[in-house]
Amino acid sequence: MKKSMTLPTYDSLKVGDEIPAMISPPVSRHTLALYCGASGDHNPIHVDIDFAKSSGLDDVIAHGMLSAGYLGRMLTNWVPQSAIRNWKNRFTAMTLIGDSVTCSGKIVEKFEKDGEKFIRLELQTNTLQAQTIVAEVVVVLA
Amino acid sequence: MIDKKHIGYEFPPVTVPVEEWRLKFLAKSLGETRGIYSDPDAAKAAGLPGLLAPPTFPFMLEIDALDLEKFMSLLGESLEKLLHGEENFSYYAPIYAGDKITVRKTITDIVDKKEGTLQFVISDNTFTNQDGIVVAETRTNYVFRHQ
């Protein structure tokens with residue numbers, strides 16, 4: 001499959017640059033049912049409103065890893081997946097039914113180590129109410 | 001409160017097959033339509049041995065290998081209190097459909113926060129493929145809300 005993806009290069013990027021952002025469709029109960037089955041994360045808090053209420057919530061909440069999955073799509077739209085060396089996600093707020101997840105990222109550091117060139121990015125996901133993931137990722141570039 | 005005696009607990013290793021239908025299903029659930037993630041023929045045409053597992057996939061192997069109910073009873077906790085705090089990945093090699101991945105999971109720390117109203121259970125996880133190559137490592141922070 002040919003794709004007209006222009007690979008970013010180490011020299012073409014600078015600290016402060018933003019990578020192309022992405023926004024998900026609104027998260028529906030159907031989205032969460034599909035993700036429950038596909039991901040294997042069967043915690044009922046994501047699909048069973050009765051269970052969610054017994055946990056003290058008003059409704060089901062999205063899987064944090066669903067939003068991380070959207071971040072992953074944004075990243076692999078930008079660089080090939082093999083460029084990703086490590087990725088740290090901190091889940092900072094809940095994503096609710098109807099929320100769209102906005103993914104964004106910017107370059108915070110460029111460094112060279114052991115003959116390889118690395119870019120460190122800060123990523124985040126946001127809903128209208130809150131920042132839901134704060135992430136840091138390191139990619140290797142030519 | 002979760003007993004700190006569980007620090008150092010190693011779960012028995014579990015080997016999980018990476019199935020093509022599952023990666024297709026996962027792509028669908030994430031709205032991922034690119035061929036290397038969703039179309040086996042396109043993945044082969046791109047020179048890959050099979051569908052490529054996306055970067056969040058090691059977490060899914062981790063939960064495949066872990067019986068949540070058994071995990072809760074080990075800790076003496078209930079699922080109602082559980083939230084996902086952090087998920088960190090290190091990548092060493094790709095995972096493809098057809099691989100068989102062995103998941104090794106160890107509880108490496110239990111930390112009290114906010115005067116014990118929150119507890120973090122940290123686990124470190126290693127993913128090794130059928131050729132003995134460590135393809136990824138993850139660190140998971142399970143958050144328990146005690147009130």
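Sequence lines set the chain letters: A, B, ... in the order given, protein chains first and strands last, and positions in each chain run from 1.
A:S82 does not touch chain B: none of its heavy atoms, backbone or side chain, sits under 4.5 Å away. At a 4.5 Å heavy-atom cutoff, B:R139 makes no contact with chain A through either its backbone or its side chain. For B:A65, no part lies near chain A; criterion is any non-hydrogen pair under 4.5 Å. Interface remark: B:L30 contributes backbone and side-chain atoms alike to the contact with chain A (heavy atom separation under 4.5 Å). Looking at B:L23, there are no atoms closer than 4.5 Å to chain A (heavy atoms on both sides), in backbone or side chain. If you measure heavy-atom distances from A:I61 to chain B, the contacts under 4.5 Å come from the side chain alone. With a 4.5 angstrom heavy-atom cutoff, B:P94 does not touch chain A via any of its atoms. Heavy-atom distances place no part of B:L66 under 4.5 Å from chain A, backbone and side chain included.
Taking the six-membered ring for Trp and the full ring otherwise, A:F51 and A:H46 have centroids separated by 6.0 Å or more. Aromatic ring centres of B:F127 and B:Y92 lie farther apart than the 6.0 Å criterion allows. For B:Y91 and B:F89, the ring centers sit closer than 6.0 Å to each other.
Classification of A:E116 and A:R85 as a salt-bridged pair holds, one side-chain N sitting under 4.0 Å from a carboxylate O. By the 4.0 Å N-to-carboxylate-O rule, A:D48 lies too far from A:K53 to be salt-bridged with it. The pair A:K14-A:D17 counts as a salt bridge, with a side-chain nitrogen and a carboxylate oxygen less than 4.0 angstrom apart. Under a 4.0 Å N-O distance rule, the pair B:R34/B:E32 qualifies as a salt bridge. A salt bridge links A:E136 and A:R120; the closest N-O separation between the charged side-chain nitrogens and carboxylate oxygens is under 4.0 Å.
Note: A:N43 leads A:V134, A:N43, A:V137, A:T31 in heavy-atom pairs under 4.5 Å with chain B. Among the candidates A:G69, A:G40, A:S39, A:G72, the residue making the largest number of heavy-atom pairs closer than 4.5 Å to chain B is A:S39.
Looking at every heavy atom in both residues, A:G64 comes nearest to A:I133 through O-CD1, 3.7 Å.
Listed by chain and residue number, B:D112, B:H146 satisfy the side chain to side chain donor-acceptor pair (under 3.5 Å) test with B:Q119 (two or more places apart in sequence, or in another chain).
Residues of residues 96-104 of chain B having a heavy atom under 4.5 Å from any heavy atom of chain A: none.
In this structure, A:K110 satisfies the cation-pi test against A:Y10, with its NZ or CZ atom closer than 6.0 Å to the six-membered ring centre and inside 45 degrees of the ring normal.
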